[in-house]
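Because the structure is a prediction, the values reported are computed rather than measured. Just so it is clear, the values below take in all heavy atoms, side chains as well, and ignore hydrogens, waters and symmetry mates.
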Amino acid sequence: MSMHEEEQLGKAYDARLIRRLLSYTKPYKGLLALSLVLVVLITIAELSGPYLIKVAIDDHINGLSLPMVDMQEEALPDGVPVVKLGDRVLVREKELADELDPALLVSKPSYVIREQGEQYALMKQLDGGAEWSLVQRLTDEQAERFRDQDVSGLYRLSGLYLFLVSSAFLLNYGQTYVLNLIAQRIIRKMRGDMFAHLQRLSFSFFDRNPVGRLVTRVTNDTQTLNEMYSNVMINLLKDFCMLVGIMVFMLLLHVKLALIAFLTLPLIIGATFIYRKYAREALRVVRSKLSRINAVLNENITGMRVVQMFHREDQQFDKVHAINRSHFNANNRELHLSSLYRPVMDFIYAIGLALIIWYGGGQMVSGALEFGVLYAFIDYVNRFFKPIQDMAEKFTVLQQSMVSSERIFQMLDEQDELPEPDKPRHMKTVKGEIRFDHVSFAYNPNEPVLHDIDLTIAPGETVAFVGATGAGKSSIISLLCRFYDVQEGRILIDGVDVRELTKKELRGHIGLVQQDVFLFSDDIKTNIRLGNEQIDDERVREICRFVNADTFIEKLPRQYEEPIMERGVNLSAGQRQLLAVARTLAFDPSILILDEATANIDTETELLIQDAFAKISEGRTTLIVAHRLSTIQHADKIVVLHKGRIREIGNHQALLQQDGLYRKLYELQYREAYQA
Amino acid sequence: MRDLWTLRGFVWRFRWKYVVGILSIVITDLSQLAIPWTLGRLTDDLNNGFGTSSLIWTYIGWIFLASVGIFIFRYLWRVMIFGVARTLEYELRNKLFTHYQKLSPHWYSKQKTGDLMAHATNDLQAIRFTFGGGMVIMIDTLVLFSLTILIMVVTIDWKLTLIGMLPLPVMAFIAISFGSKIYDRFRDAQEAFSGLTDRVQENISGMRVVKAFAQEEEQERRFAEMNAFNFMRNMRMAKLQAFFNPLVQWVTGVSYLLVLSFGGILVIRNQISIGDFVAFNAYLGLLIGPIMGIGWMINIFQRGAASMSRINEILNTPPDIQDSPSVLPVSKLNGSIRIESLTFRYPGSKEAALQDITMDIQQGQTVALIGKTGSGKSTLVQLLVRMYDVKEGSVHIDGNAIQDIPLAVLRRDIGMVPQENFLFSETIRDNIAFGLDRTSERDVVQAAEDAQVRDNIEDFPQQYDTMLGERGVTLSGGQKQRLSIARALIKHPPILVLDDSLSAVDTKTEEALLERLKQKRQGLTTIMIAHRVSTVQHADQIIVMDEGRIIEQGTHEQLLQHNGVYRNLYEKQQLEEQISGEI
């Protein structure tokens, strides 16, 4: 990433970007809704845990001190735990509260169990309500009987707890899986989109952008987003639900205590806001220093030879060192900042805890609050701070992904400079008449490469283009294939402007054989049929025989299935060229272009290739660009280009007699041949 | 892990920071443990009806004290331990780069720039994570675990501790076995990712063929396959991860469950107080973080070790070209060169790039090397500055074998204008003054003028302060060559080597430049590699090379009379000039 791009990072945090990123989730509305439901269920399941413990504490662990009533004359609902002590049938008021008429309960005297010294004693409430009288001391065995209902209650709750934990496990698994599925699909879609978009862009785009940069866009930048979607987004959603859920549970449990706990919220928000402000700047500096390190290292590694030749190792080291040092310093500043965030959050947590203890403890002292509620609050506040504590890390990933997504969208917004026609014309058969109608062209404005080229090529004719390097030979070919568009004039095939055809159709009629043969890392037959499944193996063999490629292919260990190594390094230049010829023939084009196709090829193979060329140009309009004039003497027409203009046209003999540029070129090459 | 051991010296050097860091972790953990303890005591007091508002305030005071401790010491250990990790990254980068500088072109020819970059950035980052986050989790887990368990056993109940910790071995087992499985699948996913990268790379490099054969859709289809494969691999990893975290949560949940039922019964049976029960739950809560981190820690140590092994491999590569022990106290070169029966093969190659070269260059002579591409001209001049070392035959400068001349003197006093005109992305001034420690503005301007590039420079709005490269202006090939010449000329080197440095310069400028060189290089040795006869014709000695051998040697006139390769070349180039002269 260049410095310039880095500097834009500050602006990158942008609602527009986020909206566009979110738009990729649209096709997964259903799944997203499902995961939302799951998240809500998870939140409920996880937050029910502390509530269960609250119940365990208040109803069972502290159960012995709960008030009871004597129900000996009343009918009891089923399943209510009772303890019979003499005549009395003692039932905890809590167990009956929902079942019976409250008035009935109030009319009955309350009993409680109190600790008296080493023993427990059953006490009865006197009429006034404030006074208690001893009913009887309890033996250990009797006390145990009161406790039994607590133990079985505890087991019941434990069973429920196990159910909750287990369902949270399943729900969590399902939810993480679903969200990952969405994230991975989005990334796949995005990569597919980018790749497809790249296929539509014109050569001038590829001229401007180095391969490495484009590869980085399609792979690494999307990978950053992958990280963002599958790690941060998933957690963020869960965290958010959890925070809301905790607040809801707290409010349900005890409104006033909840509101007091919420007093820490402004602190959290404020601290996070301040942190974000400084951290963004600090992170930006770190990233820009890192990209400086990358740039300087890259330069020093590629230029190492020069550095060594000039013996400037020490001085270059000083430069690298200075940048490394400034990166280190920036890193340290960021470290101090992020090191503060977590402890600050811990501190705010302590404040929250203190608030709850202060208010809740006070309430308990005055008997207005059960202990279990206080416990649950302490637990909830603890859970509340968990996701907040590692917000700093998530923030970093989020920021990086914004930069990446900006670059991705920039590429996706790149326009095709060679638009397809609105109403494309179709040509069933092409005779192969080509007309350059006063064509002028420049790659860069003010640096014209072709001037007013006017030329007609009859169907079936073989035409050669010659001239010095930079004369414009290859540009003519590029224009015919519509790799670029002409600035002036037009190019017609059988009277149809190339811009009126779809690029696919146009290029389907043209077969191009280039000097630099590009082979895909696939096997030989796949490289010949190039995805055209109609060409079967038999046809591939036939074609290879026809263009003299069969001999060398059949000598390969796996013949037509022989895999081609990266860029075809396991084949000679001539063999690669033969494959290119075969590939071209397989597509049976009406127009054939041979662009410097026999340069750098050993003499033996060259004869095979020449022969192959002669065979396949039979009956096709053929355009040849050649450096070596020996290969084009048989052409029907030779066009001599000089500095972007047509200087001479004619056949070999006629041009030689003219004693012009062609003749000089010819003599020059004759000498070269002589020298060799 | 053995690879990380190489850093023990570094760790030892920062032992005090580690000691402070570790102590801070211990204090942080103790402070953290104080909170559950306080909660437990508070619970008991409230439950037993001792709670008064002053007591509550005391507990609040305790909590604040603990949290101030956490605040200070957590900050301290982060800064200490993470700080050391960052220092490590910084120092290793310096060390690595210094080592890069010592390695020869032969070594570089076997490396990819991208890999070397990755070592100096990504690998160092992985090592930093190991020594930062990885180290902290290791220490924290150890300290927190032992302290917590100790406190639970001592202050609460050993049976409850035992039961609460029951799921721990299960957890450790899950963390370790899943950790390595996740790592495997992660590697698979990485592999699929690099497959994807290759496919995109191939597609863009072969865009001409793709477009010429209208293969866009086919390419998309094939990319989609790879993309789907990558998707599948990533999902495989995600599935495991989606399973792992909830599983760990489930196991901790079971821990809570055991404490709830068993601990609850202990309270009911009056064996522990309810405060103990509350404290126990809170202690358990403290342990979850470190437990979840174990798998991550293993992973990060693995990656750090892998990165360190790559770095070690480079650091252990001995620099092959350096001053020999028998180096002579030469402080300056005069410029007479004698090469005797020199034969040279590039390392790892069987074919000789140079064969039986013998030549004598007097101080002050201008010598031209001419010949086809691959005839060995550049190889020869590179041997002069010891980019490679000579094994058969010898090269002497001023009578001293070049291996005995200090590299610093050799490379300072030979001014090279290499074939690849590599310029730095700095100002034009810095690029010209590259070889010198201190220069005056006058020298820079003079060098630019001598190299015939002054006018071009002064046409830029910022003149000598113009930035080059990605962030600045892009120069034409000819401008680059002339800047590269200025960079060598400013040193006034006793020996100047121009390696095909005028190929992109137009004829008129070339003439002016050669004229200027003639004046400036009076009495100084100049070696020139060229393709064009016009460039070399005034040299004192012209050497024609072919396939690593000297085939003709003499002055322009002598060689023309000889009627050999040189003469043929001369005539051919005259014809070429005629052709390109026509408009």
* Nearest 0.5 Å please: distance from the CZ atom of A:Phe317 over to the CD atom of B:Gln101. => 7.5 Å
* Asked: Which of the residues B:Asn94, B:Ile60, B:Val385, B:Val267 is involved in the greatest number of heavy-atom pairs with chain A at under 4.5 angstrom?
  -> B:Asn94
* Among the options A:Ala196, A:Gly192, A:Cys481, pick out the one with the most heavy-atom pairs lying under 4.5 Å from chain B. => A:Ala196
* Heavy-atom distance under 4.5 Å to chain B: side chain of A:Leu374, backbone, both or neither? -> side chain
* Region of A:Leu201 in contact with chain B, defined by heavy-atom distances below 4.5 Å -> backbone
* **chain A contacts, top residue of B:Arg412, B:Arg269, B:Arg386 (heavy-atom pairs, under 4.5 Å)** => B:Arg269
* Structure fact -> All heavy atoms of B:Gln219 vs all of A:Phe195, minimum pair found to be O-CE2, 3.5 Å
* Pair B:Arg128-A:Asn331, side-chain contact (heavy atoms from CB on, under 4.5 Å): steps then yes or no -> CA-CA 12 Å; B:Arg128 176 180 105 196; A:Asn331 233 334; 3.2 Å; yes
* Checking B:Asn227 side chain against A:Arg188 main chain: does a donor-acceptor pair fall under 3.5 Å? -> yes
* Could you look at A:Val296 and say if it's the side chain, the backbone, both or neither that has a heavy atom under 4.5 Å from chain B? => neither
* Highest number of heavy-atom pairs under 4.5 Å with chain B: which of A:Asp314, A:Leu171, A:Leu157, A:Asn300? -> A:Asn300
* Structure fact -> For B:Leu257 and A:Ser158, the nearest pair of non-hydrogen atoms, with its separation, is CD1-O, 3.0 Å
* Taking all heavy atoms of A:Leu154 and all of B:Ser261, pick out the closest pair and write down the distance. => CD2-O, 3.7 Å
* To do: Considering non-hydrogen atoms only, spot the tightest contact between B:Lys239 and A:Tyr173 and give its length.
  => O-CE1, 3.6 Å
* To do: Quick one: which of B:Ala224, B:Ala282, B:Ser484, B:Ala238 has the most heavy-atom pairs under 4.5 Å with chain A, could you say?
  => B:Ala238
* Answer with side chain, backbone, both or neither: which region of A:Asn226 has an atom nearer than 4.5 Å to a non-hydrogen atom of chain B? => side chain
* To do: Give, as side chain, backbone, both or neither, the part of B:Tyr100 having an atom under 4.5 angstrom from any heavy atom of chain A.
  => both
* Can you find a heavy atom in the side chain of A:Tyr375 that is under 4.5 Å from one in the side chain of B:Leu39? -> no
* Structure fact -> Counting heavy-atom pairs under 4.5 angstrom with chain A, the leader among B:Arg199, B:Met235, B:Met416 is B:Met235
* Structure fact -> Ranked by heavy-atom pairs below 4.5 Å to chain B, first place among A:Ile357, A:Leu512, A:Ile53, A:Ile510 goes to A:Ile357
* **Region of A:Tyr177 in contact with chain B, defined by heavy-atom distances below 4.5 Å** => both
* Asked: Checking heavy atoms, do the side chain of A:Leu353, its backbone, both or neither come under 4.5 Å from chain B?
  -> side chain
* Asked: Should the pair A:Arg325 and B:Tyr90 be classed as cation-pi, given the thresholds of under 6.0 Å to the six-membered ring centre and 45° from the axis?
  -> yes
* To do: Establish, from distance only, whether the side-chain atoms of A:Asn180 and B:Gln241 form a donor-acceptor pair under 3.5 Å.
  => no
* So which of B:Ile414, B:Thr252, B:Ile274 has the biggest tally of heavy-atom pairs under 4.5 Å with chain A? -> B:Ile274
* What part of A:Val151 gets closer than 4.5 Å to chain B, counting heavy atoms only: side chain, backbone, both or neither? -> both
Side chains of residues 71-78 of chain B: which donor-acceptor pairs under 3.5 Å do they make with residues two or more places apart or in other chains?
from	atom 1	to	atom 2	distance (Å)
B:Arg74	NH1	A:Asp346	OD2	2.2
B:Tyr75	OH	A:His336	ND1	2.7

* Asked: Can you tell me how far CG of A:Asn172 sits from CD of B:Gln249, rounded to the nearest 0.5 angstrom?
  -> 5.0 Å
* Answer with side chain, backbone, both or neither: which region of A:Ala354 has an atom nearer than 4.5 Å to a non-hydrogen atom of chain B? => both
* To do: Tell me, out of B:Asn230, B:Leu410, B:Thr43, B:Thr98, who's got the most heavy-atom pairs with chain A below 4.5 Å.
  => B:Thr43
* Give, for atom CD1 of B:Ile268 and atom CD1 of A:Ile61, the distance between the pair rounded to the nearest 0.5 Å. => 6.0 Å
* Over all atoms of both residues, closest heavy-atom pair of A:Gln316 and B:Phe434 -> OE1-CE1, 3.2 Å
* Below 4.5 Å from any heavy atom of chain A, which atoms of B:Lys491 appear? Answer side chain, backbone, both or neither. => side chain
* Go through A:Thr176, A:Leu198, A:Val165 and name the one with the most non-hydrogen pairs under 4.5 angstrom from chain B. => A:Val165
* Please report the C-alpha distance between B:Trp250 and A:Ser166 in whole Å, then the side-chain angles of each, then the deciding distance to 0.1 Å, and finally whether the side-chain contact (heavy atoms from CB on, under 4.5 Å) criterion is met. => CA-CA 7 Å; B:Trp250 185 78; A:Ser166 302; 3.0 Å; yes
* To do: Supply the atom-to-atom distance A:Ile187 CD1 to B:Asn234 CG, rounded to the nearest 0.5 angstrom.
  => 9.0 Å
* **Spatial distance of atom CD1 (A:Ile351) from atom CD1 (B:Ile63) [nearest 0.5 Å]** => 12.0 Å
* Structure fact -> To the nearest 0.5 Å, atom CZ of B:Arg93 lies from atom NE2 of A:His327 at 5.5 Å
* **Taking every non-hydrogen atom, the tightest pair across B:Phe193 and A:Arg191** => CE1-NH2, 3.5 Å
* To do: State, yes or no, whether a side-chain contact exists between A:Leu52 and B:Tyr256 at a heavy-atom distance under 4.5 Å.
  => no
* To do: Would you please test B:Phe64 and A:Phe347 for side-chain contact (heavy atoms from CB on, under 4.5 Å) and show each step?
  => CA-CA 8 Å; B:Phe64 263 98; A:Phe347 197 74; 4.0 Å; yes
* Heavy-atom distance under 4.5 Å between the side chains of A:Asn324 and B:Phe97, does that happen here? -> no
* Asked: Parallel, tilted or perpendicular for B:Phe243 and A:Phe169, by the 30°/60° rule?
  -> perpendicular
* Which atoms of A:Arg583 come close to chain B, meaning under 4.5 Å heavy atom to heavy atom: side chain ones, backbone ones, both, or neither? -> both
* Tell me, side chain or backbone of A:Gln315 under 4.5 Å from chain B's heavy atoms, or both, or neither? -> side chain
